[in-house]
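Note that ligands are numbered from 1 as they come in the structure, with each ligand's atoms numbered from 1 the same way.
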Amino acid sequence: MNYKKVHLKPKKEESLLRFHPWVFSGAIQSIEGDPEEGELVEVYGVHKQFLAVGHYQIGSIAVRILSFEPAVIDDAFWKHRIEVAYTLRRALGLAGAENNNTFRLIHGEGDNLPGLIVDVYASTAVVQAHSVGMHYAREQVAQAIQAVMGDEIRNIYYKSEATLPYKANLGSEDGYLIGGHADETAMENGLSFHVDWLKGQKTGFFIDQRENRSLLEQYSKGRDVLNMFCYTGGFSFYAMRGEANRVHSVDSSAKAIAMTNKNVELNFPGDSRHQAFAEDAFKFLDKIDNQYDLIILDPPAFAKHKNVLRNALQGYRKLNAIAFEKIKPGGILFTFSCSQVVTKENFRLAVFSAAAQSGRNVRILHQLTQPADHPVNIYHPEGEYLKGLVLYVE
Ligand code: SAH
């Protein structure tokens with residue numbers, strides 16, 4: 001294929017030989033043919049040896065690799081990659097299941113498609129591009145999803161206004177690539193929920209907490225639950241099915257709280273155990289006394305870049321310290337960080353400091369991460385982003 005060529009500096013081929021899927025701009029010696037941002041390029045080492053094919057982009061990550069073998073990135077390529085991903089989700093029992101139609105079909109580097117996210121909600125797939133190359137490939141991606149999943153998918157919504165690089169000035173607009181009039185109710189482990197991909201956060205729902213929500217269900221019986229940063233109430237309806245005594249859901253977004261109420265109503269109509277509050281987490285925590293014995297802390301990413309890591313760790317420490325201070329004796333805390341730049345060790349240390357500050361006896365019951373439909377490419381350990389601890393607080 002006649003793709004334009006990117007030549008690396010000496011020794012800079014090493015990470016590609018270990019299948020790491022990014023080429024940083026500093027590794028590039030020269031570029032032949034002046035590729036446009038988002039164009040496919042081939043990457044070569046100093047001895048003119050072929051290394052990989054990928055999407056070119058202006059910025060710190062200059063090439064996102066699609067193939068480490070010479071390949072034509074055509075319809076058959078997209079179909080094959082999506083087929084591999086879909087086969088995995090079927091093998092996991094997530095796709096084609098009777099009690100579940102919500103799963104992540106494509107998890108970027110974890111599915112060898114850097115820059116692309118696809119989440120499935122019932123018969124709708126939400127496609128999100130994080131790179132210019134994936135933006136240009138969106139129609140091909142949609143066709144490939146349809147070809148692989150057939151009738152299972154009737155609508156494909158493209159949602160990338162907030163995730164594409166602003167400087168690329170693509171003027172991208174969110175909208176349906178296929179279909180349109182979608183039913184906005186989906187199912188996860190037998191629980192139903194409304195999902196708003198048009199105006200909701202991310203692709204509309206946080207699928208990555210599915211297994212952690214299931215675990216919470218097992219701990220809920222008879223407990224007074226506080227679901228902090230509840231978004232559309234995911235953990236809350238699992239707690240209710242797990243026979244919690246009462247469940248309070250808190251989020252600063254009034255829209256998220258309205259949706260939480262709708263979702264609880266969908267699963268447990270008229271159930272008075274649940275109450276939702278549109279309020280800032282710190283303000284809410286400040287006011288409460290020791291009334292909860294199961295608390296979930298699932299805040300938004302406190303650090304989006306390495307240079308704010310210190311502040312983020314302070315934030316995690318502060319938030320967890322309040323929970324340790326306020327949770328009832330014998331209480332259980334589910335605490336999370338979804339910041340990619342915060343390592344497992346960083347997070348554990350922040351929670352450890354918070355525990356020490358409270359002086360309480362704390363034990364780690366479970367160490368949690370993202371589920372199997374958010375796989376981590378072994379050559380791209382950065383893909384492991386979700387960290388959680390389940391703690392027993394005496
Ligand atoms: N636990 C959720 C996902 C949480 S996402 C689930 O399972 O679906 C993080 C949430 O934190 C978002 O809904 C966001 O609106 C909310 N949030 C952000 N800052 C907040 C604050 N200061 N106080 C309360 N909620 C906040």
**Q** Counting each atom of ligand 1 from 1 as listed, which ones have a heavy atom of S253 under 4.0 Å away?
**A**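 Those of ligand 1 that fall under 4.0 Å from S253 are 15 (O).
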
**Q** Could you list the atoms of ligand 1 found under 4.0 angstrom from a heavy atom of D298?
**A**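 What qualifies from ligand 1 is 1 (N), 2 (C), 3 (C), 4 (C), 9 (C).
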
**Q** When you compare the side chain of I257 with that of C230, does any pair of heavy atoms fall below 4.5 Å?
**A** yes

**Q** Answer yes or no: does atom NZ of K202 have more than 12 heavy-atom neighbours from other residues, nucleotides or ligands under 6.0 Å?
**A**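 Open: at most 12 neighbouring heavy atoms sit under 6.0 Å from NZ of K202.
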
**Q** Determine, for Y86 and R89, whether the Lys NZ or Arg CZ falls below 6.0 Å from the six-membered ring centre while staying within 45 degrees of the axis.
**A**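 Not flagged: R89 not positioned over aromatic ring of Y86.
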
**Q** Would you kindly specify which portion of M228 sits under 4.0 Å from ligand 1, judged on non-hydrogen atoms: side chain, backbone, both or neither?
**A**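 Contact part for M228 vs ligand 1: neither.
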
**Q** Could you identify the single nearest non-hydrogen protein atom to atom 15 (O) of ligand 1 and state the distance to 0.1 Å?
**A** D251 OD1, 2.7 Å

**Q** Measuring from atom 12 (C) of ligand 1, which candidate in R213, K255, Q201, E279 has the nearest non-hydrogen atom?
**A** Q201

**Q** Should the heavy atoms of other residues, nucleotides or ligands under 6.0 Å from CG of D289 be counted, would the total exceed 12?
**A** yes

**Q** Got the closest protein heavy atom to atom 25 (N) of ligand 1, with its distance?
**A** S252 N, 3.1 Å

**Q** Is it true that a side-chain atom of E13 and a backbone atom of K11 form a donor plus acceptor pair closer than 3.5 Å?
**A**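 Here the side-chain-to-backbone pair exists.
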
**Q** Would P300 count as a contact residue for ligand 1, given that I'm defining contact as a non-hydrogen atom of the residue lying under 4.0 Å from a ligand atom?
**A**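 Under 4.0 Å: yes for P300.
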
**Q** Could you list which atoms of ligand 1 come closer than 4.0 Å to a heavy atom of D280?
**A**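 So the atoms of ligand 1 that pass are 21 (C), 22 (N), 23 (N).
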
**Q** Which heavy atom of the protein is the closest neighbour of atom 23 (N) of ligand 1, given with residue, atom name and distance?
**A** A281 N, 2.8 Å

**Q** When you look for heavy atoms under 4.0 Å from ligand 1, do you find them on the side chain of A256, its backbone, both, or neither?
**A** neither

**Q** In terms of atom number and element, which parts of ligand 1 are under 4.0 angstrom from non-hydrogen atoms of Y231?
**A** 2 (C), 3 (C), 4 (C), 8 (O), 13 (O)

**Q** What do you reckon, does T232 put a non-hydrogen atom under 4.0 Å from ligand 1?
**A** no

**Q** Is the gap between the ring centers of H366 and F334 under 6.0 Å?
**A** no

**Q** Are the side chain of D183 and the backbone of T185 linked by a donor-acceptor contact shorter than 3.5 Å?
**A**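 Checking the backbone N and O of T185 against the side chain of D183, a donor-acceptor pair under 3.5 Å is found.
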
**Q** Once you measure the plane-to-plane angle for F237 and F193, does it fall in the parallel (<30°), tilted (30-60°) or perpendicular (>60°) bin?
**A** parallel

**Q** Ring-plane angle category for Y158 and H135, please: parallel below 30°, perpendicular beyond 60°, tilted otherwise.
**A** tilted

**Q** Among all protein heavy atoms, pick out the one at the shortest distance from atom 4 (C) of ligand 1; state its residue, atom name and that distance to 0.1 Å.
**A**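 Going by distance alone, atom 4 (C) of ligand 1 is nearest to F229 O, 3.2 Å.
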
